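Below, all heavy atoms of this structure are taken into account, side chains as well, without hydrogens, waters or symmetry copies. Small disclaimer: the values here were computed from a predicted structure and weren't measured. We count ligands from 1, going down the list as the structure has it; atoms in each ligand are counted the same way.
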Amino acid sequence: MQEKIIVTGGCGYIGSHTVITLINHNYEVVIFDDLSNSNLKILDRIQKITGIKPHFEQVDLKSSEATHAVFKTHKDSKAVIHFAAHKAVAESIHNPLMYYQNNLFSLINTLKAQQDNSIKHHIFSSSATVYGNPSQMPITEDAPTQRSFSPYGNTKKMAEEILEDFTNSQSDISVISLRYFNPIGAHESGQIGEFPTAIPNNLMPYITQTAAGVLEKLMVFGNDYPTKDGTPIRDYIHVVDLAEAHLKALQRLLGPKSQPLEVFNLGTGNGYSVLEMIKAFEAVSGSLLNYEITDRRPGDVPEMFASTALAKQVLNWEASRSLHDMIQSSWTWEQNLRKGLK
Ligand code: UFG
């Protein structure tokens with residue numbers, strides 16, 4: 001019999017790629033999503049790619065009553081993969097309460113509903129932002145977490161603290177928290193990718209939208225950092241590699257070696273500067289990008305890249321897709337969007 005998995009935020013960028021990986025590995029998926037930053041058309045795309053349309057429930061997980069009701073309907077599920085959250089750093093600085101309310105209420109309501117319905121496994125979408133400005137590279141999971149510059153980052157740090165307290169209590173729910181570095185790229189079919197609803201905050205969609213002529217110019221935020229070319233270094237990871245890591249985490253939780261709480265970095269272990277990303281994009285697209293060096297962006301740290309050893313050892317997972325694959329798939333997706341794939 002197929003095991004049923006609840007994917008909150010399954011219509012979003014990382015969620016939708018993970019749903020495809022789960023369906024391809026014979027899991028039954030039910031998506032819980034409020035569609036606040038996603039689109040129902042994604043379900044048809046998932047069907048086109050996998051042959052299966054996942055079950056869908058539109059639900060606001062900020063509401064404890066609505067969460068309770070929808071979990072009751074799906075109490076035969078084995079695990080929850082909890083992607084549903086707001087993620088725009090700048091927006092969170094302007095509207096912190098919206099971020100604390102959405103990201104933390106939804107987590108608490110989800111955990112409570114899991115407890116009430118004996119759904120014993122939970123995978124949480126965390127972020128490398130919990131490390132703040134770390135002093136040692138590569139970053140290992142035992143590096144101290146720090147208060148973040150942004151309310152968004154703090155919701156991830158607080159969520160991890162909630163999960164720690166919860167799993168230390170009488171709870172028999174086991175949790176894996178996955179700390180993503182910088183997810184980019186899109187599904188190889190060209191059918192699924194990130195749907196930016198506003199002007200993007202992140203580097204890759206900003207690059208592709210500039211190249212597509214949607215935005216005029218990329219601003220490079222500072223070239224006076226203590227790095228090889230003065231621009232900040234990040235660990236970019238293909239979203240499909242990230243999706244596969246969720247599958248491995250799920251298999252561990254459902255298997256005999258499941259622990260109360262484990263935390264893993266999800267990155268490639270390679271760091272690329274902003275200027276290297278621009279050059280790599282120009283090589284892939286065959287055209288020059290319009291960009292300008294400007295002031296630093298508040299809150300940016302000089303360098304972040306992951307130690308990947310723990311995920312490799314415990315989850316038997318490592319990223320396999322190259323920077324070229326990441327950039328090529330991002331660019332193909334952007335071009336498909338502009339051709340009217342909306
Ligand atoms: N950058 C630019 N111009 C832009 C956008 C970004 O120069 O228009 C630079 C940034 O200054 C930074 C790099 O590109 O040096 C990467 O920036 P992103 O915004 O793409 O990514 P961040 O590393 O700042 O943030 C990402 C996620 C956050 C997460 C964080 C964890 O977006 O959700 O990683 O480290 F919290």
Side-chain angles (χ1 to χ4, degrees), residues 9 12-14 37 83 85-93 99 103 124-134 137-139 141 143 145-160 177-185 194 196 198-211 214-239 242 265-268 270-281 289-307 323 326-327 330:
Y13 174 45
I14 304 173
N37 190 27
F83 292 103
H86 293 329
K87 61 172 184 178
V89 171
E91 182 183 51
S92 78
I93 293 169
Y99 272 68
N103 293 5
F124 179 69
S125 291
S126 188
S127 166
T129 197
V130 299
Y131 294 116
N133 188 1
M137 294 296 145
I139 307 169
E141 286 83 349
T145 60
Q146 293 173 21
R147 196 180 139 70
S148 173
F149 169 78
S150 75
Y152 159 76
N154 283 324
T155 67
K156 295 296 178 189
K157 181 172 180 290
M158 289 177 190
E160 287 204 355
S177 181
L178 298 174
R179 293 175 176 164
Y180 311 152
F181 280 68
N182 290 61
I184 61 171
E194 191 168 13
I199 294 178
N201 295 283
N202 297 120
L203 181 63
M204 201 63 223
Y206 217 104
I207 287 178
T208 56
Q209 287 194 20
T210 304
V214 181
L215 299 171
E216 195 200 333
K217 191 190 274 185
L218 169 74
M219 296 298 177
V220 173
F221 298 136
N223 66 349
D224 58 351
Y225 286 92
T227 60
K228 51 191 163 188
D229 60 22
T231 62
I233 289 174
R234 294 288 181 274
D235 184 339
Y236 297 91
I237 175 166
H238 198 299
V239 66
L242 213 60
N265 287 338
L266 297 184
T268 65
N270 303 312
Y272 292 97
S273 74
V274 176
L275 290 179
E276 285 176 328
M277 293 298 286
I278 293 172
K279 295 289 161 244
F281 179 80
L289 195 74
N290 188 17
Y291 73 90
E292 182 184 320
I293 311 285
T294 178
D295 292 342
R296 288 183 179 200
R297 182 172 70 177
D300 279 344
V301 301
E303 188 173 45
M304 299 276 280
F305 59 92
S307 165
L323 186 68
M326 298 181 215
I327 292 178
S330 296

Should [X] be counted as touching ligand 1, given the test is an N or O pair under 3.5 Å?
{"X": "Tyr206", "answer": "no"}
{"X": "Ser127", "answer": "no"}
{"X": "Tyr236", "answer": "no"}
{"X": "Asp300", "answer": "yes"}
{"X": "Met219", "answer": "yes"}
{"X": "Tyr180", "answer": "no"}
{"X": "Phe221", "answer": "yes"}

Side chain, backbone, both or neither: which applies to Val274 and ligand 1 if a contact is any heavy-atom pair less than 4.0 Å apart?
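For Val274, only side-chain atoms sit under 4.0 Å from ligand 1.
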For ligand 1, is there an atom lying under 4.0 Å from some heavy atom of Tyr152?
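A heavy atom of Tyr152 does come that close to ligand 1.
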Who's the nearest protein heavy-atom neighbour of [atom], and how far?
{"atom": "atom 26 (C) of ligand 1", "result": "Asn182 ND2, 3.5 Å"}
{"atom": "atom 18 (P) of ligand 1", "result": "Asn202 ND2, 3.5 Å"}
{"atom": "atom 23 (O) of ligand 1", "result": "Arg234 NE, 2.6 Å"}

Any atoms of ligand 1 less than 4.0 Å from a non-hydrogen atom of [X]? List them with their elements.
{"X": "Met304", "value": "35 (O)"}
{"X": "Val220", "value": "7 (O)"}
{"X": "Pro232", "value": "15 (O)"}

Just checking, any donor-acceptor pair under 3.5 angstrom between side chains of Asn265 and Tyr131?
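Yes - a donor-acceptor pair under 3.5 Å links their side chains.
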Among His86, Glu91, Lys87, which residue satisfies the side-chain hydrogen bond (donor to acceptor under 3.5 Å, both in side chains) criterion with Tyr99?
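When side-chain hydrogen bond (donor to acceptor under 3.5 Å, both in side chains) is applied between Tyr99 and each of His86, Glu91, Lys87, only Glu91 qualifies.
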